[in-house]
K.L.:
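Supplied in structure tokens, the structure appears directly below.
Both counts, for ligands and for their atoms, begin at 1 and track the order of listing.
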Amino acid sequence: MLVNHGMNQLASLSIARSYSFASSIAAVLRRQSFLIRARGGGVHNKVHSTTAGITMQETEADAVSILRAITPTLDPTRHKGQAGKIAVIGGCREYTGAPYFAAISALKIGADLSHVFCTKDAAPVIKSYSPELIVHPVLEESYSVREEERKQVSAKVVAEVDKWMERFDCLVVGPGLGRDPFLLDCVSEIMKQARHSNVPIVVDGDGLFLVANSLHLVHGYPLAVLTPNVNEYKRLVQTVLKCEVDDADAHGQLSSLAKQIGGVTILRKGRSDLISDGDIVNSVSICGSPRRCGGQGDILSGSFLLVLVLQYFYLGHAKPFVAADRNPTVLGCIAGSALLRKAASLAFETRKRSTLTTDIIECLGRSLEDICPAY
Ligand SMILES: NC(=O)C1=CN([C@@H]2O[C@H](COP(=O)(O)OP(=O)(O)OC[C@H]3O[C@@H](n4cnc5c(N)ncnc54)[C@H](OP(=O)(O)O)[C@@H]3O)[C@@H](O)[C@H]2O)[C@@H](O)CC1
Ligand SMILES: Nc1ncnc2c1ncn2[C@@H]1O[C@H](COP(=O)(O)OP(=O)(O)OP(=O)(O)O)[C@@H](O)[C@H]1O
Ligand SMILES: [Mg+2]
């Protein structure tokens with residue numbers, strides 16, 4: 001009922017111009033529809049029994065078909081913002097590359113607007129990388145705030161982000177965030193606000209450090225996607241499952257981890273990317289690049305195609321391949337992984353040993369075009 005009601009409202013709101021009250025309502029309705037789908041997701045392939053005795057389904061995802069199915073056609077009737085607005089929460093004194101990689105990747109695969117919320121000293125650096133990004137210098141680290149001012153500053157930081165929240169289709173928390181305790185406290189509050197507004201949250205990098213110590217931030221939230229690398233995954237397994245990583249039962253352990261965190265979607269990055277929401281385990285093994293330069297995970301977190309997935313699920317335009325019962329966050333992970341790995345492979349073809357993250361970003365467009373031509 002809620003979905004149909006939402007779709008009808010959306011149809012009448014689709015001509016609304018950017019940043020109007022109507023478009024804010026539409027965003028809320030779209031997110032409700034997305035939430036309903038995320039709660040009911042699942043596909044059914046092979047059934048396996050794991051060493052832990054858990055019955056589980058596993059599939060080598062047909063990533064290219066999924067990517068084709070969920071990529072929206074370019075439509076001249078759409079206005080700015082309808083192809084996606086994302087925000088990256090990250091960027092501090094040490095790390096300015098990571099949030100840039102995440103934010104620019106979203107634009108390169110078709111999002112209309114990409115924001116970065118970072119610390120004051122990181123902002124001019126990130127702005128100087130690209131005029132395309134909207135950079136908000138709002139986050140504060142402990143060194144710049146006196147003890148007695150912390151409560152007031154924290155409220156101000158959270159309010160600065162919250163006034164934009166309803167407009168975002170997806171939040172990416174963590175690339176280059178750093179681990180300053182005061183900053184992480186503020187980010188916890190921002191995540192609570194995002195969850196309250198049903199905004200999908202991709203958690204990566206230092207965001208995973210935060211979440212491993214504060215699981216309640218994502219526990220049971222079907223619109224949360226965690227994207228751990230080797231270290232980050234190890235930390236999650238130790239904290240949540242109270243054991244060590246067991247590669248002999250990689251699929252069973254990933255599925256248990258996702259279940260234990262209340263059905264969030266986890267993408268375990270590695271030679272093959274493994275994706276599960278606790279129901280099935282998908283793996284994406286499309287040939288990538290043998291170069292392991294830093295920043296490739298940041299591209300992935302920004303290019304989740306979640307924005308694109310959202311457009312289709314929100315607006316009810318999903319092409320026939322995308323069954324209504326598939327969890328859109330899982331689809332977003334599969335598509336993002338396939339796209340990044342193909343771009344990395346294309347970059348390596350020409351750059352070989354000198355392949356860098358910026359070269360891979362330059363290949364994101366070609367990667368998408370090869371799989372799903374614009375016309
Ligand atoms: N240009 C920028 O601004 C970038 C900024 N970034 C930002 O940095 C922040 C911290 O993120 P992170 O990924 O560097 O931290 P973490 O996961 O603790 O890894 C640290 C160490 O773990 C090891 N290690 C890694 N992989 C391994 C493996 N497969 N198998 C075994 N060991 C492995 C390896 O250690 P080593 O080999 O030196 O012992 C590695 O150096 C975060 O905010 C992130 O977003 C990055 O996104 C990069 C681009
Ligand atoms: N051994 C590998 N072979 C092929 N591709 C890989 C391999 N390891 C990782 N990848 C690809 O690179 C992407 C980034 O994974 P990685 O483990 O480098 O993340 P990360 O450590 O978070 O990166 P970042 O430096 O951005 O923080 C993965 O999604 C995966 O597709
Ligand atoms: Mg990373």
K.L.:
Under 4.0 Å from any heavy atom of V230, which atoms of ligand 1 are there?
P.N.:
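Answer for ligand 1: 28 (C), 29 (N).
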K.L.:
Does atom 36 (P) of ligand 1 have a protein heavy-atom neighbour under 4.0 Å away?
P.N.:
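So far as the 4.0 Å threshold goes, atom 36 (P) of ligand 1 is out of reach of every protein heavy atom.
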K.L.:
Quick check on K156: does its NZ atom have over 12 non-hydrogen neighbours (other residues, nucleotides or ligands) under 6.0 Å away?
P.N.:
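12 or below, so no.
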K.L.:
On a heavy-atom basis, I'd like to know which of N229, L208, L300, D204 is closest to atom 17 (O) of ligand 2.
P.N.:
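Checking each option, the heavy atom nearest atom 17 (O) of ligand 2 is found in N229.
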K.L.:
Return the option from L177, D298, I299, T96 holding the heavy atom at the smallest distance from atom 46 (C) of ligand 1.
P.N.:
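Answer by nearest heavy atom: D298.
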K.L.:
Quick test of your reading of the structure: of G176, C92, A98, whose heavy atom lies closest to atom 3 (O) of ligand 1?
P.N.:
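Looking at heavy atoms only, the winner is A98.
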K.L.:
Keeping R291 on the side-chain end and T355 on the backbone end, is there a donor-acceptor pair under 3.5 Å?
P.N.:
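Here the side-chain-to-backbone pair exists.
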K.L.:
Is there a nitrogen or oxygen of G297 sitting under 3.5 Å from a nitrogen or oxygen of ligand 2?
P.N.:
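G297 vs ligand 2: N/O contact under 3.5 Å present.
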K.L.:
Is there a donor-acceptor pair under 3.5 Å between the side chain of T350 and the backbone N or O of A347?
P.N.:
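Yes.
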K.L.:
Taking both backbone and side-chain atoms of D273, is any N or O found less than 3.5 Å from an N or O belonging to ligand 2?
P.N.:
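Such a contact does occur with ligand 2.
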K.L.:
Tell me whether R146 at atom CZ has more than 12 heavy atoms from other residues, nucleotides or ligands lying less than 6.0 Å away.
P.N.:
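No - once you tally the heavy atoms of other residues, nucleotides and ligands closer than 6.0 Å, there are 12 at most.
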K.L.:
Near R271, which atoms of ligand 2 are under 4.0 Å from a heavy atom of that residue?
P.N.:
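Per the distance check, 1 (N), 2 (C), 3 (N), 7 (C), 8 (N).
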K.L.:
Is the ring pair H115/F168 parallel, tilted or perpendicular, if the boundaries are 30 and 60 degrees?
P.N.:
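Rings of H115 and F168: perpendicular, over 60°.
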K.L.:
Pick whichever of T357, N229, N231 has a heavy atom sitting closest to atom 13 (O) of ligand 1.
P.N.:
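It is N229 that holds the nearest heavy atom.
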K.L.:
Mind checking whether G178 has an N or O less than 3.5 Å away from an N or O of ligand 1?
P.N.:
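Between G178 and ligand 1, no N or O pair is found under 3.5 Å apart.
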K.L.:
Can you check whether S289 has an N/O within less than 3.5 Å of an N/O in ligand 2?
P.N.:
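No, S289 has no N/O under 3.5 Å of an N/O on ligand 2.
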K.L.:
Could you tell me whether the side chain of I266 reaches within less than 4.5 Å of the side chain of I275, counting heavy atoms only?
P.N.:
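Counting from C-beta outward, I275 and I266 never come under 4.5 Å.
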K.L.:
Can you list the atoms of ligand 2 that are under 4.0 Å from a heavy atom of D298?
P.N.:
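Going through ligand 2 atom by atom, the ones under 4.0 Å from D298 are 26 (O).
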K.L.:
Heavy-atom contact check, 4.0 Å cutoff: does G288 meet ligand 2?
P.N.:
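No, that is not the case, since the closest heavy atom of the residue is not under 4.0 Å from the ligand.
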K.L.:
Which of the listed options, R291, K269, R292, holds the heavy atom that is closest to atom 6 (C) of ligand 2?
P.N.:
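Among R291, K269, R292, the closest heavy atom to atom 6 (C) of ligand 2 belongs to R292.
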K.L.:
Looking only at distances, please establish whether an N/O atom of ligand 1 is found under 3.5 Å from an N/O atom of D206.
P.N.:
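Between D206 and ligand 1 (N or O atoms, distance only) the closest approach is under 3.5 Å.
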K.L.:
Looking at CD1 of I104 and CD1 of I299, how far apart are the two atoms once the value is rounded to the nearest 0.5 Å?
P.N.:
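With rounding to 0.5 Å, CD1 (I104) is 11.0 Å from CD1 (I299).
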K.L.:
Can you tell me if G295 has a non-hydrogen atom under 4.0 Å from ligand 2?
P.N.:
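It does; at least one heavy atom falls under 4.0 Å.
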K.L.:
Might you check, step by step, whether the distance between atom 32 (N) of ligand 1 and some protein heavy atom is under 4.0 Å?
P.N.:
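Neighbour list for atom 32 (N) of ligand 1 is empty of protein heavy atoms (cut-off 4.0 Å).
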K.L.:
In this structure, are over 12 heavy atoms from other groups packed under 6.0 Å from Q152 atom CD?
P.N.:
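Count not over threshold, so no.
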K.L.:
Checking H219 side chain against Q260 main chain: does a donor-acceptor pair fall under 3.5 Å?
P.N.:
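Looks like yes, one N/O pair under 3.5 Å.
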K.L.:
Classify the contact between L340 and ligand 2 as side chain, backbone, both or neither, using a heavy-atom distance cut-off of under 4.0 Å.
P.N.:
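It is the side chain that gets close, since no backbone atom is under 4.0 Å.
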K.L.:
Give a yes/no verdict on a cation-pi contact between R150 and F182, requiring under 6.0 Å between NZ or CZ and the six-membered ring centre and an angle within 45° of the axis.
P.N.:
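Yes, a cation-pi geometry.
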K.L.:
Number the atoms of ligand 1 from 1 as they appear, then name those within less than 4.0 Å of a heavy atom of G174, with their elements.
P.N.:
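With G174 as reference, the close atoms of ligand 1 come out as 43 (O).
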K.L.:
Between the main-chain N or O of A83 and the side-chain N or O of D112, is there a donor-acceptor pair closer than 3.5 Å?
P.N.:
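Present.
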K.L.:
For K120, which residues count as a salt bridge (charged side-chain N to carboxylate O under 4.0 Å, His left out) partner, sequence neighbours excluded?
P.N.:
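Counting only residues at least two positions away or on another chain, K120 forms a salt bridge (charged side-chain N to carboxylate O under 4.0 Å, His left out) with E140.
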K.L.:
As an exercise, identify every atom of ligand 1 less than 4.0 angstrom from a heavy atom of G295.
P.N.:
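Near G295, meaning under 4.0 Å from one of its heavy atoms, ligand 1 has 48 (C), 49 (C).
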K.L.:
By number and element, which atoms of ligand 1 are closer than 4.0 Å to a non-hydrogen atom of G97?
P.N.:
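Answer for ligand 1: 1 (N), 2 (C), 3 (O).
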K.L.:
Would you give me the side-chain donor-acceptor pairs under 3.5 Å for residues 359-367, sequence neighbours excluded?
P.N.:
unit_1	atom_1	unit_2	atom_2	d
D359	OD1	R351	NE	3.4
D359	OD2	L356	N	2.8
S367	OG	L339	O	2.9

K.L.:
Nearest protein heavy atom to atom 11 (O) of ligand 1: under 4.0 Å?
P.N.:
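Within 4.0 Å: no protein heavy atom nearby.
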K.L.:
Check each atom of ligand 2 against the heavy atoms of G294 and keep those under 4.0 Å away; list them by number with element.
P.N.:
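So the answer, numbered in order with elements, is 25 (O).
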K.L.:
Pull out every atom of ligand 1 sitting under 4.0 Å from any heavy atom of P175, numbered as shown with elements.
P.N.:
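This gives 45 (O) as the contact atoms.
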K.L.:
Think K127 forms a cation-pi with Y129, using NZ or CZ under 6.0 Å from the six-ring centre and within 45 degrees of its axis?
P.N.:
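Verdict for Y129: no cation-pi partner in K127.
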K.L.:
Less than 4.0 Å is my threshold; does some heavy atom of G270 fall inside it relative to ligand 2?
P.N.:
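A heavy atom of G270 does come that close to ligand 2.
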K.L.:
With distance as the sole test, does K242 use its side chain to make a donor-acceptor pair with the main-chain N or O of T239 at under 3.5 Å?
P.N.:
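It does hold such a pair.
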K.L.:
Short check: is a protein heavy atom less than 4.0 Å from atom 26 (O) of ligand 2?
P.N.:
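Yes, at least one protein heavy atom sits under 4.0 Å from atom 26 (O) of ligand 2.
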K.L.:
If you scan the protein for heavy atoms around atom 15 (O) of ligand 1, do you find one that is closer than 4.0 Å?
P.N.:
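Within 4.0 Å: no protein heavy atom nearby.
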K.L.:
Among all the protein's heavy atoms, is there at least one whose distance to atom 8 (O) of ligand 1 comes out below 4.0 Å?
P.N.:
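It does; a protein heavy atom is within 4.0 Å.
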K.L.:
Roughly how far, to the nearest 0.5 Å, is the CG atom of L133 from the CD1 atom of I126?
P.N.:
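Going from CD1 on I126 over to CG on L133, the span is 8.5 Å.
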